[in-house]
Amino acid sequence: VKIGAAGGIEAVITAMKQHVKSEGVQEQGCGALWMLALNVDNQVKIGAAGGIEAVITAMKQQVNSEGVQKQGCGALWNLAVNDE
């Protein structure tokens, strides 16, 4: 919750948007959102900040990266439990 309150979610999403072609940034960004999305409040913040779109873009751009695909699926899994 503290990371979300401190702007960490937005920082992750911004990094993902600025480095779309970087497999490492996309993998770590998806992984960070996956973990942050364990919290219901963060799920709402991630959705509002464009995090779902960032994860989907990462998965589309890094289609051959097993790591990005795994982390992205995990993030989407956690985000799917909240319909807000």
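Between Ala49 and Lys17, the closest heavy-atom pair is O-NZ, 4.2 Å. When all heavy atoms are compared, the tightest approach of Ala54 to Ile13 is CB-CG2, 4.2 Å.
Atom CD1 of residue Ile52 and atom CD1 of residue Ile46 lie 8.5 Å apart, to the nearest 0.5 angstrom.
For the side chain to side chain donor-acceptor pair (under 3.5 Å) test, no residue two or more places apart in sequence or in another chain qualifies with Glu10. In terms of the side-chain contact (heavy atoms from CB on, under 4.5 Å) criterion, residue partners of Gln26 (sequence neighbours excluded) are, by chain and number, Met16, Ala58, Gln62, Val68. Remark: Thr14 pairs with Gln18 by the side-chain contact (heavy atoms from CB on, under 4.5 Å) rule, at least two apart or across chains.
In the hydrophobic clustering of this structure, Met59 does not group with Val25; members are Ile, Leu, Val, Met, Phe, Trp, Tyr whose side-chain heavy atoms approach within less than 4.5 Å, directly or through other members. Residues Val44 and Val55 are members of separate hydrophobic clusters, defined by side-chain heavy-atom contacts under 4.5 angstrom among Ile, Leu, Val, Met, Phe, Trp and Tyr.
For residues 66-79, no pair satisfies side-chain hydrogen bond (donor to acceptor under 3.5 Å, both in side chains), with sequence neighbours left out.
Other residues, nucleotides and ligands contribute only 12 or fewer heavy atoms inside 6.0 Å of the CD1 atom of Ile3.
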Side-chain donor/acceptor pairs under 3.5 Å, residues 28-42, sequence neighbours excluded:
unit_1 : atom_1 : unit_2 : atom_2 : d
Trp34  : NE1    : Gly74  : O      : 3.3
Asn39  : OD1    : Asp41  : N      : 2.8
Asn39  : OD1    : Asn42  : N      : 2.9
Asn42  : ND2    : Leu36  : O      : 3.1

